[in-house]
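Structure, as structure tokens:
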Amino acid sequence: YYTVTSQKLGLAGIAFQEFKDGRFTPPAFTPFMASDIPMADVQISPDGNLLMYSTFKDYEGKPDGFNFNIWTSELKNGEWQDPIPIGTPISSTGNEFYPVMTTNKTIYFNSDKGGNSDIYYSKLINGEYQEPIRLPDNINSEKREADAFVAKDESFIIFVRVVEPDGFGNCDLYISFRKSENEWTDPINMGKNVNSNQIDGSPYVTPDGKYLIFTSGRLEEGIKEKASRSYKDFKSAISSSNNGSLNFYIMDLNLEEYK
């Protein structure tokens, strides 16, 4: 599951592909795709039965102002149901993005309700989500933090930090390991093999923990010159994975390298 966008059309929706017989099926939209409601940051719960995403769609009780909130859709009898807003106390007058659920149904997300984009989490207790708790200052800095992938057992977190002095580009991926309740190791930049001199974000670790999937706007060295050689080369360059658009990348992940 992932988000597809077209700035010219003003569309942003959720697409999915199934892995069958060693390959992915052609992309298709979820049944609640809408031309007038943009959707972002889709995630699936560890048990596969809940889909979460962010949108600014209105609903009764929605916090005042123009803001993105988290919505969910439940999988029943193999079909995604009509989405519903997650509501308070997670929803706020700020914007909530990138919801990730752990095995115990805790939800991590980023919000700018405090004036800066920070990472929060909310626990599910007796069937109700509690007041969100901001992650500590070694995770949330004066910079912007967002796009936090949290392991289903909450043992580690990979997130985006924007314009950090030790960064390689506009925003980089960092990793931190959980020490105890809301206590994390100082984050480490994931290095030049992951981060580029462009935008890197949207991290996701496969359920087996072996691979990191993320988006990157990296450019192939010399691609501009290559694209100018001929129209054929131009078409090839703009459709490549290294064309500067936010494309998907996958790589081996060895967590021990960062401990």
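One is the number of the first residue; the rest follow in order along the sequence.
Between Y249 and N242, the side chains place a donor N or O and an acceptor N or O closer than 3.5 Å (distance only, hydrogens not considered). D41 and Y2 are not linked by any side-chain donor-acceptor pair at a separation below 3.5 angstrom, with hydrogens and angles left out of the test. A donor and an acceptor atom, one from each side chain of D233 and S236, are nowhere located under 3.5 Å apart. Looking only at atom types and distance, the side chain of K62 has a donor-acceptor partner in the side chain of N67 under 3.5 Å away. Counted by atom type alone, T25 and Q17 present zero donor-acceptor pairs between their side chains at under 3.5 Å. Checked by atom type, the side-chain pair N116/E145 shows no donor-acceptor distance below 3.5 Å.
The list of side-chain hydrogen bond (donor to acceptor under 3.5 Å, both in side chains) pairs with a residue in residues 77-89, not counting sequence neighbours, reads Y1-W80.
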When you look at D118 and R134, which way does the salt bridge (charged side-chain N to carboxylate O under 4.0 Å, His left out) test go after all the steps? CA-CA 7 Å; D118 287 329; R134 181 181 177 273; 3.1 Å; yes
Using the salt bridge (charged side-chain N to carboxylate O under 4.0 Å, His left out) rule, take K123 and E181 through it: C-alpha gap first, then chi angles, then the decisive distance, then the call. CA-CA 12 Å; K123 288 188 171 185; E181 180 67 29; 3.2 Å; yes
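No side-chain donor-acceptor contact under 3.5 Å links S54 to the backbone of I70. A distance-only check finds no donor-acceptor pair linking the side chain of T215 to the backbone of F248 [under 3.5 Å]. N195 contributes a side-chain N or O that, together with a main-chain N or O of L173, makes up a donor-acceptor pair within less than 3.5 Å.
Other residues, nucleotides and ligands contribute over 12 non-hydrogen atoms within 6.0 Å of the CZ atom of F19.
Residues L253 and Y211 are not in side-chain contact: their nearest non-hydrogen atoms beyond the backbone lie 4.5 Å or more apart.
For F68, the ring-ring contact (aromatic ring centres under 6.0 Å, His included) test picks out F56, F97, with sequence neighbours left out.
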